[in-house]
Enquirer: 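Structure incoming, see below.
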Amino acid sequence: MTRWIHRHSEFQEFIRADQVIRSQFFTIPVLPSSEPEFAFGITIGKRIGKAVVRNLLRRRIKAWFRQTTLSLAPRIRIILIARREAGSLSWQQLDAELSDVIGRIRQKTHNSTDHAAHP
RNA sequence: CGGGGAAGCUCAGAUGUCUGCGCUACGUAAGCAGUGAGGAAAGUCCGGACACCACAGGGCGGGAUACUUCCUAACGGGAAGCUGCAGCAAUGCAGAGCCAGCUCCACAGAAACAAACCGCCUCUGAUCAGACAUUGCUAUCGCAGUGGAUUUUCUGGGGCAAGGGUGAAAUGGCGGUGUAAGAGACCACCGGUAUCUCCGGUAACGGAGAUAGCCAGGAAUGCCUUAUCCGGUGCAAUGCCAAAUAGGAAAGCUCAGCGCUGCCCGCGCCAGUAUGCUUUCGGGUAGGCAGCAAGAACCCUGCCGUGAGGCAGGGUCCAGAGGAAUAGACAUCAUCCUGCGAGACAGGAUACAGAAUCCGGCUUAUGCGCUUCCCCGGGUU
């Protein structure tokens, strides 16, 4: 039930995102989606490290999303933009970080949809 | 045994469980099978293949290279050799041309390419001493005057580049002739350089001999000179397919407008024309496909070559993504390090690093190991 964002033009849409969640390691713009499934993409710039470091980080993030038992919010598109310190995360640290971030996203989107339903 | 030198090679942790990914084949599908990073994939420093554009020929300009011969598709790469330097040696490092021109040579030093600080010699003048000769006086010793070989010091003019000291570097060495003093100015021998002849070598070059006083530096990773080579841009090349929107063309149907012009007149376009609708066509964007994985390929054997390498035969198929797969987690084992209570121990670590059109090199990064050959010193037989 997860769609990967690949296309460059779709990444460009997130520049104008209203909701942006920031943590120590990631910047995460959030956009609403007309599709029923959850969609996300990953952006890791060259400032994070060399190719080996960037590949490992991306694979761990993708592996985390495949294995996670948390229910992901539907009708939402996000991208994870890695910040400079993200390259030094261990698997355990990444697990805690992503769990925390996804919790914040669910809470925030839930509040906003409630607010829209009851003006 | 110790020390040193050279050439080359293997692996790139292993197995299992769970959860997954790209590509390919089969299947309607669910699925299932196969396959999936490197020695440097890196830096992008050279050279090519391939693609498009440009191109009669020549010159100027620019870039690269630089002992010789060879290897190669090509190279700035490699092999073998030559010369010089370093090392006891094995070996290592370097390589066109400063009598074509220009420029530079810190500090020190007189001077860094043409000169003269000390110095040596000579001339003029002054000056110190003065053998000797001569004149006068005197009985003699001696005193005074004149000339004066020679000589001390100084000023100025001229000659020299042998010696001193400085420096990374100062114009070949030694002996003689010569000269006022000296100097390849000249002579013998030696060293170097150049030219010529002979011999060896494809050549760089080496050996022998003769001739020439020729011997007045260094730096071309200074400008430069000489020789050779080089068109430009790059797979985001390039080719094909091709939505939506806007504009173009044509056909069919539809109907009387459209522009100058806000209004009227007038004029222009114009009768199957303007407008509208539908369809088709071509250009072309997003997007898709190809380029794109069987080649200067790899492995084995034989032959040729000192070698780089070449030839022949046999065998193998070995990643193909495109915001980019090749993974994540957990166990057990292996290797290494540290610690001590010394072993079925504990803790930690397991490098450098990720294909992007493809090859040949170079350079740099990097973990544990292994092999062969050579030199020097010591010991034993």
Side-chain angles (χ1 to χ4, degrees):
Chain A
M1 288 300 288
T2 301
R3 184 174 65 86
W4 307 99
I5 296 172
H6 290 296
R7 201 159 295 288
H8 178 71
S9 56
E10 192 169 357
F11 277 90
Q12 295 293 307
E13 295 174 24
F14 284 88
I15 294 172
R16 300 174 185 278
D18 294 329
Q19 293 188 348
V20 178
I21 293 175
R22 299 178 199 277
S23 75
Q24 185 186 353
F25 301 106
F26 297 100
T27 300
I28 305 167
V30 180
L31 283 179
S33 174
S34 57
E35 302 158 345
E37 61 204 356
F38 176 79
F40 89 104
I42 306 169
T43 291
I44 301 174
K46 279 203 167 180
R47 61 166 55 183
I48 305 303
K50 293 192 173 186
V52 175
V53 176
R54 300 198 305 269
N55 280 345
L56 183 61
L57 180 62
R58 186 180 64 246
R59 284 163 181 164
R60 278 175 165 170
I61 292 170
K62 292 176 80 169
W64 187 89
F65 273 94
R66 279 188 212 108
Q67 295 178 329
T68 184
T69 54
L70 294 172
S71 61
L72 302 170
R75 298 188 177 280
I76 284 287
R77 296 185 296 169
I78 66 169
I79 58 173
L80 279 81
I81 302 171
R83 307 184 73 176
R84 193 185 295 270
E85 300 81 7
S88 58
L89 285 171
S90 69
W91 173 251
Q92 284 76 16
Q93 290 170 322
L94 184 68
D95 182 32
E97 172 74 12
L98 290 177
S99 299
D100 177 54
V101 162
I102 292 300
R104 286 168 63 186
I105 291 172
R106 292 186 67 210
Q107 190 179 13
K108 200 160 188 176
T109 54
H110 186 69
N111 289 345
S112 64
T113 49
D114 278 0
H115 189 67
H118 307 287

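Values reported hereafter were calculated over all heavy atoms of this structure, with side chains retained and with hydrogens, waters and symmetry mates removed. The sequence lines fix the lettering, A, B, ..., with proteins before strands; numbering per chain opens at 1.
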Enquirer: State which of rG354(B), rG323(B), rG287(B) makes the closest approach to the side chain of Gln12(A).
Expert: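 Minimum distance to the Gln12(A) side chain belongs to rG323(B).
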Enquirer: Return the pairing partner of rC52(B) with a 3.5 Å limit on both distances, Watson-Crick or G-U wobble; otherwise return none.
Expert: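 Result: rG232(B).
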Enquirer: For Phe11(A) versus Gly41(A), what's the shortest heavy-atom pair and its separation?
Expert: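 Closest approach of Phe11(A) to Gly41(A): CZ-CA, 4.2 Å.
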Enquirer: Measure the distance from NZ on Lys62(A) to C1' on rA329(B) and round it to the nearest whole Å.
Expert: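 Taking NZ of Lys62(A) and C1' of rA329(B), I get 17 Å after rounding.
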Enquirer: Looking at the side chain of Phe11(A), which of rG328(B), rU326(B), rG323(B) is the nearest nucleotide?
Expert: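 So the side chain of Phe11(A) is nearest to rG323(B).
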Enquirer: My understanding is that only one of Leu80(A), Val30(A), Ile76(A) makes a side chain to side chain contact (heavy atoms under 4.5 Å, CB included) with Phe40(A); could you say which?
Expert: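 Of all the options given, the one that passes is Leu80(A).
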Enquirer: Both distances under 3.5 Å, Watson-Crick or G-U wobble: report the partner of rG39(B), or none.
Expert: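 Here rG39(B) is not engaged in any pair, so there is no nucleotide opposite it.
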Enquirer: In whole Å, what is the span from the CH2 atom of Trp4(A) to the C1' atom of rG22(B)?
Expert: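 After rounding, the reported distance stands at 13 Å.
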Enquirer: If we take the C1' atom in both rG172(B) and rG61(B), what is their distance in whole Å?
Expert: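 Between the two C1' atoms, the distance is 47 Å.
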Enquirer: Would rC102(B) be called syn or anti here, given the cut-off of 90° from 0?
Expert: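 rC102(B): anti glycosidic orientation.
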Enquirer: Please measure how far the C1' atom in rG283(B) lies from the corresponding atom in rC269(B), and state the result in whole Å.
Expert: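 Here rG283(B) and rC269(B) have their C1' atoms 29 Å from each other.
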Enquirer: Please name the nucleotide paired to rA344(B) by Watson-Crick or G-U wobble geometry with both distances under 3.5 Å, or report none.
Expert: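 Here rA344(B) is not engaged in any pair, so there is no nucleotide opposite it.
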Enquirer: Between rG22(B) and rA293(B), how far is it from one C1' atom to the other, in whole Å?
Expert: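 Going atom to atom, C1' in each nucleotide, I get 16 Å.
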Enquirer: Could you work out the separation of rA308(B) and rC298(B) based on their P atoms and round it to a whole Å?
Expert: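 It comes out at 16 Å once rounded to the nearest Å.
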Enquirer: Just how far, in rounded Å, is P of rA329(B) from CG of Leu98(A)?
Expert: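 My rounded result for the distance is 13 Å.
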Enquirer: Rounded to whole angstrom units, what separation is found between the NZ atom of Lys46(A) and the P atom of rG354(B)?
Expert: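 Going from NZ in Lys46(A) over to P in rG354(B) covers 10 Å.
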Enquirer: Considering only atom C1', compute the distance from rU228(B) to rU68(B) and round it to an integer number of Å.
Expert: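 Those two atoms are separated by 15 Å.
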Enquirer: Return the 5'-most residue of the pair His8(A), Ala51(A) with respect to RNA chain B, ranking by each residue's nearest nucleotide.
Expert: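 Mapping each residue to its closest nucleotide by heavy atoms, the 5'-most match is His8(A).
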Enquirer: Indicate whether any N or O donor in one side chain lies under 3.5 Å from an N or O acceptor in the other, for Ser9(A) and Gln12(A).
Expert: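 There is no such pair (donor and acceptor under 3.5 Å, judged by atom type) between the side chains of Ser9(A) and Gln12(A).
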Enquirer: Do the side chains of Arg77(A) and Phe38(A) get nearer than 4.5 Å, heavy atoms only?
Expert: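 No, side chains not in contact.
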Enquirer: With clusters defined by side-chain heavy atoms of hydrophobic residues (ILVMFWY) lying less than 4.5 Å apart, directly or transitively, does Ile78(A) cluster with Phe26(A)?
Expert: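 Yes; tracing contacts between hydrophobic side chains, which count when under 4.5 Å, links both residues.
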Enquirer: Is there a side-chain hydrogen bond (donor to acceptor under 3.5 Å, both in side chains) between Ser88(A) and Glu85(A)? Walk through the geometry before answering.
Expert: CA-CA 6 Å; Ser88(A) 58; Glu85(A) 300 81 7; over 6 Å; no
Enquirer: Paired with rA355(B) by Watson-Crick or G-U wobble geometry, both distances under 3.5 Å: which nucleotide is it?
Expert: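 Paired with rA355(B), as far as the under-3.5 Å criterion goes, is no nucleotide at all.
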Enquirer: Since syn is defined as within 90° of 0, does rG343(B) count as syn or as anti?
Expert: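 It is syn.
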Enquirer: Return the value, rounded to whole Å, for the distance between atom CZ of Arg77(A) and atom P of rG323(B).
Expert: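 These atoms are roughly 17 Å apart.
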Enquirer: So what's rC70(B) paired with, Watson-Crick or G-U wobble, going by both distances under 3.5 Å?
Expert: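 Here rC70(B) is engaged in a pair, and the nucleotide opposite it is rG78(B).
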Enquirer: Rounded to the Å, how far apart are Ile44(A) CD1 and rA327(B) P?
Expert: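 Answer to the nearest Å: 16 Å.
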Enquirer: Quick check on rG234(B): syn or anti? Syn means the glycosidic torsion is within 90 degrees of zero.
Expert: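 This nucleotide is in anti.
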Enquirer: Does any N or O in the side chain of Arg104(A) come within less than 3.5 Å of the main-chain N or O of Ile21(A), such that one atom is a donor and the other an acceptor?
Expert: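 No; judged by distance alone, with no hydrogens or angles, the pair does not exist.
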Enquirer: In whole Å, measure the gap between the P atoms of rA365(B) and rA342(B) for me.
Expert: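 Their P atoms lie roughly 45 Å apart.
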Enquirer: Distance check needed: rG323(B) C1' versus Phe40(A) CZ, whole Å only.
Expert: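 Value for this atom pair: 12 Å.
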Enquirer: Between rC299(B) and rC9(B), how many Å separate the two P atoms, rounded to a whole number?
Expert: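 rC299(B) and rC9(B) have their P atoms separated by 12 Å.
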Enquirer: Has Trp91(A) got its ring stacked on rG328(B), by the test of a centre gap below 5.5 Å and a plane angle below 30°?
Expert: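 Ring-base stacking flag not set for Trp91(A) and rG328(B).
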Enquirer: Rounded to whole angstrom units, what separation is found between the CZ atom of Arg59(A) and the C1' atom of rG36(B)?
Expert: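 For the pair Arg59(A) CZ and rG36(B) C1', the rounded distance is 12 Å.
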Enquirer: rA12(B) pairs with which nucleotide, Watson-Crick or G-U wobble, both distances below 3.5 Å?
Expert: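 Check on rA12(B): unpaired, no WC or wobble geometry under 3.5 Å.
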Enquirer: Using Watson-Crick or G-U wobble geometry with both distances below 3.5 Å, tell me the partner of rU350(B), or none.
Expert: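 Partner of rU350(B): rA334(B).
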Enquirer: Kindly label the base of rA37(B) as syn or anti, based on whether its glycosidic torsion lies within 90° of 0.
Expert: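 Classified syn.
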Enquirer: Any side-chain N or O of Arg60(A) less than 4.0 Å from the OP1 or OP2 oxygen of rA329(B)?
Expert: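 Indeed, a polar side-chain atom of Arg60(A) lies that close.
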Enquirer: Touch check for Thr43(A), heavy atoms < 4.0 angstrom, all strands: base, sugar-phosphate only, or nothing?
Expert: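 Here Thr43(A) touches the bases of the nucleic acid.
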Enquirer: Can you check the distance between rA100(B) and rC160(B), where both ends of the measurement are the P atom (answer in whole Å)?
Expert: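 Their P atoms lie roughly 29 Å apart.
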Enquirer: Of the candidate nucleotides rA37(B), rG328(B), rA353(B), which contains the atom at the shortest distance from the side chain of Asn55(A)?
Expert: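 The closest nucleotide is rA37(B).
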Enquirer: If you look at every strand shown and take non-hydrogen atoms under 4.0 Å, does Arg54(A) touch a base, only sugar-phosphate, or nothing?
Expert: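 Answer is nothing: Arg54(A) stays at 4.0 Å or more from every strand.
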Enquirer: Are any of Arg58(A)'s side-chain N or O atoms less than 4.0 Å away from OP1 or OP2 of rA325(B)?
Expert: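 Checking rA325(B) against Arg58(A), a side-chain N or O does come within under 4.0 Å of OP1 or OP2.
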Enquirer: Under a 3.5 Å cut-off for both distances, is rA312(B) Watson-Crick or wobble paired, and to whom?
Expert: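 Base partner found: rU301(B).
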Enquirer: When you check the phosphate oxygens OP1 and OP2 of rG328(B), does a side-chain N or O of Gln92(A) lie under 4.0 Å from one of them?
Expert: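 No.
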Enquirer: For Ile5(A), answer base if it contacts any base atom (sugar-phosphate contacts may also be present), sugar-phosphate if it contacts only those atoms, and nothing otherwise; contact means non-hydrogen atoms under 4.0 Å.
Expert: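 Sugar-phosphate contact only - Ile5(A) comes under 4.0 Å of backbone atoms but never of a base.
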Enquirer: So, is rG361(B) syn or anti if syn means the angle is within 90° of 0?
Expert: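 Because its glycosidic torsion lies more than 90° from 0, rG361(B) adopts the anti conformation.
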Enquirer: Does one hydrophobic cluster hold both Leu94(A) and Val101(A), with members joined at side-chain heavy-atom distances below 4.5 Å?
Expert: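 Per the 4.5 Å side-chain linkage, Leu94(A) and Val101(A) are co-clustered.
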Enquirer: Could you work out which one of rA325(B), rG20(B), rG328(B) sits closest to the side chain of Arg66(A)?
Expert: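 From the listed options, rG20(B) comes nearest.
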Enquirer: Given the rule that I, L, V, M, F, W and Y join up when any side-chain heavy atoms are under 4.5 Å apart, are Val20(A) and Ile5(A) in one cluster?
Expert: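 Result: no, two separate clusters.
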